[in-house]
> 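After the structure tokens below, expect a handful of questions from me.
Just so it is clear, the model here is predicted, and its values are computed rather than measured. Values below: every heavy atom of this structure, side chains too, minus hydrogens, waters and symmetry copies.
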Amino acid sequence: EVQLVESGGGLVQAGGSLRLSCAASGFTFDNYVIGWFRQAPGKEREGVSCISSSDNGTYYKRSVKGRFTISSDNAKNTIYLQMNSLKPEDTAVYYCAAGKIRWIGSVINCLGPLYDYWGQGTQVTVSS
């Protein structure tokens with residue numbers, strides 16, 4: 001059974017940091033592109049950052065570039081999202097997802113409908 005379990009969310013002040021983790025099981029980790037998505041109240045879900053371990057590639061949404069870092073630990077089947085310099089507009093439920101997607105290194109790799117498996121999400125709240 002495929003499972004993705006997020007953790008690490010919480011409440012932080014603007015300018016602070018959080019590290020999200022996504023523990024994956026039930027599939028061959030490095031054959032998939034793993035993405036972090038977020039959805040704020042009243043807004044559409046958006047791709048934040050995605051990674052392909054096999055292609056050694058990453059993608060970041062423009063508004064988080066330079067502040068967020070995605071990484072993978074294949075031995076642990078875990079993906080991380082280090083979030084620094086957090087802003088109130090980063091407040092959302094963050095989801096990780098896995099998809100068997102051909103990596104081309106653009107925003108196309110971070111489109112939600114392409115992903116097959118989703119976690120339950122973890123809340124990130126940034127206070128001003």
Side-chain angles (χ1 to χ4, degrees):
E1 180 189 3
V2 172
Q3 274 197 319
L4 295 166
V5 180
E6 304 95 335
S7 61
L11 173 64
V12 64
Q13 286 190 330
S17 298
L18 284 173
R19 188 176 82 154
L20 305 184
S21 299
C22 173
S25 61
F27 62 98
T28 306
F29 190 70
D30 56 4
N31 286 348
Y32 283 73
V33 174
I34 309 294
W36 282 101
F37 297 80
R38 67 186 181 188
Q39 187 166 21
K43 294 190 175 180
E44 290 189 355
R45 182 183 61 197
E46 60 181 6
V48 176
S49 181
C50 300
I51 186 169
S52 168
S53 299
S54 58
D55 294 279
N56 200 28
T58 58
Y59 166 83
Y60 295 93
K61 177 180 171 60
R62 185 175 296 182
S63 62
V64 307
K65 223 171 190 178
R67 299 190 297 123
F68 291 11
T69 303
I70 192 169
S71 62
S72 67
D73 185 335
N74 286 12
K76 294 183 179 180
N77 264 23
T78 301
I79 293 286
Y80 303 98
L81 186 68
Q82 178 67 43
M83 306 187 295
N84 299 329
S85 302
L86 282 161
K87 304 175 181 180
E89 51 264 42
D90 294 318
T91 295
V93 178
Y94 283 70
Y95 301 89
C96 71
K100 236 175 184 180
I101 304 165
R102 185 170 68 92
W103 183 259
I104 60 173
S106 78
V107 63
I108 294 174
N109 283 127
C110 229
L111 295 177
L114 297 179
Y115 285 72
D116 304 303
Y117 306 110
W118 291 82
Q120 299 281 26
T122 185
Q123 176 71 46
V124 171
T125 303
V126 185
S127 63
S128 55

> Quick one: side chains of residues 13-20, donor-acceptor pairs under 3.5 Å with protein atoms, not counting sequence neighbours, listed by atom name and distance.
from	atom 1	to	atom 2	distance (Å)
S17	OG	N84	OD1	2.9

> Would you name the heavy atoms of V48 and C110 that are closest together and state the gap between them?
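Residues V48 and C110, closest heavy atoms: N-SG, 4.4 Å.
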> Would you say the side chain of P113 lies within less than 4.5 Å of the side chain of R45, judging by non-hydrogen atoms?
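SC-SC contact between R45 and P113 confirmed.
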> Looking only at non-hydrogen atoms, find the nearest pair between D116 and G99 and report the distance.
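Closest approach of D116 to G99: OD2-CA, 3.6 Å.
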> How are the rings of Y117 and F27 set to each other: parallel, tilted or perpendicular (split at 30° and 60°)?
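Answer is parallel, since the angle falls under 30°.
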> What is the distance from atom OG of S49 to atom OH of Y94, rounded to the nearest 0.5 Å?
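Here the rounded value is 11.0 Å.
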> Answer whether the closest heavy-atom distance between the side chains of I34 and S72 falls below 4.5 Å.
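Of all side-chain heavy-atom pairs linking S72 with I34, none is under 4.5 Å.
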> Could you state whether F37 and V107 fall into the same hydrophobic cluster, counting links through intermediate Ile, Leu, Val, Met, Phe, Trp or Tyr residues with side-chain heavy atoms under 4.5 angstrom apart?
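Looking at the clustering, V107 is in the same group as F37.
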> Using the rule that Ile, Leu, Val, Met, Phe, Trp and Tyr join whenever any side-chain heavy atoms are under 4.5 Å apart, tell me whether I101 and Y60 fall into a single cluster.
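They do not share one cluster, since no chain of ILVMFWY contacts under 4.5 Å joins I101 to Y60.
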> Do L81 and V93 belong together in a cluster built from hydrophobic side chains that touch within less than 4.5 Å?
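Each belongs to a different hydrophobic cluster.
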> Would you indicate whether the side-chain heavy atoms of M83 and V12 approach each other to under 4.5 Å?
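No, side chains not in contact.
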> Could you tell me the separation between the OG1 atom of T91 and the CD atom of Q123, rounded to the nearest 0.5 Å?
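Reported value, rounded in 0.5 Å steps: 7.5 Å.
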> Does V126 share a hydrophobic cluster with V64, counting links as ILVMFWY side-chain heavy atoms below 4.5 Å and allowing steps through other members?
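Linked within one cluster.
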> Looking only at non-hydrogen atoms, find the nearest pair between Y115 and C50 and report the distance.
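The pair with the smallest heavy-atom distance is OH-SG, 3.3 Å.
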> Does the ring center of W36 lie less than 6.0 Å from the ring center of F68?
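No, they do not, as the ring centres are separated by 6.0 Å or more.
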> Output the distance between atom OG (S53) and atom CD1 (I79), rounded to the nearest 0.5 Å.
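If I round to the nearest 0.5 Å, the distance is 5.0 Å.
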> Would you compute the distance between atom CG of N109 and atom CD1 of I51 and round it to the nearest 0.5 angstrom?
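The distance works out to 12.0 Å.
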> Say whether Y95 and V5 are linked into one hydrophobic cluster, either directly or through other cluster members, by side-chain heavy-atom distances under 4.5 angstrom.
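Different clusters: Y95 never reaches V5 through Ile, Leu, Val, Met, Phe, Trp or Tyr contacts under 4.5 Å.
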> Can you confirm whether more than 12 heavy atoms, excluding those of Q120, are under 6.0 Å from its CD atom?
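Open: at most 12 neighbouring heavy atoms sit under 6.0 Å from CD of Q120.
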> Can you measure from NZ (K87) to OG (S63) and round to the nearest 0.5 angstrom?
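So the NZ of K87 and the OG of S63 are separated by 7.5 Å.
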> Of the non-hydrogen atoms in K43 and Q39, which two are nearest, and what is the gap between them?
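Shortest heavy-atom separation between K43 and Q39 comes out as O-NE2, 3.1 Å.
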> Measure the CG-CD distance between N77 and Q3 for me, rounded to the nearest 0.5 Å.
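So the gap between those two atoms works out to 12.5 Å.
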> Closest heavy-atom contact between S52 and V33?
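In this case the closest contact between S52 and V33 is CB-CG2, 4.2 Å.
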> Against R38, only a single residue in E44, E6, E46 fulfils salt bridge (Lys or Arg N to Asp or Glu O under 4.0 Å); can you say which?
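Answer to the salt bridge (Lys or Arg N to Asp or Glu O under 4.0 Å) test with R38 among E44, E6, E46: E46.
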> Which atom pair, heavy atoms only, marks the closest approach of T78 to S21?
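Scanning both residues completely, I find the closest heavy atoms to be CG2-CB, 4.3 Å.
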> Can you confirm whether more than 12 heavy atoms, excluding those of I108, are under 6.0 Å from its CD1 atom?
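No, not enclosed.
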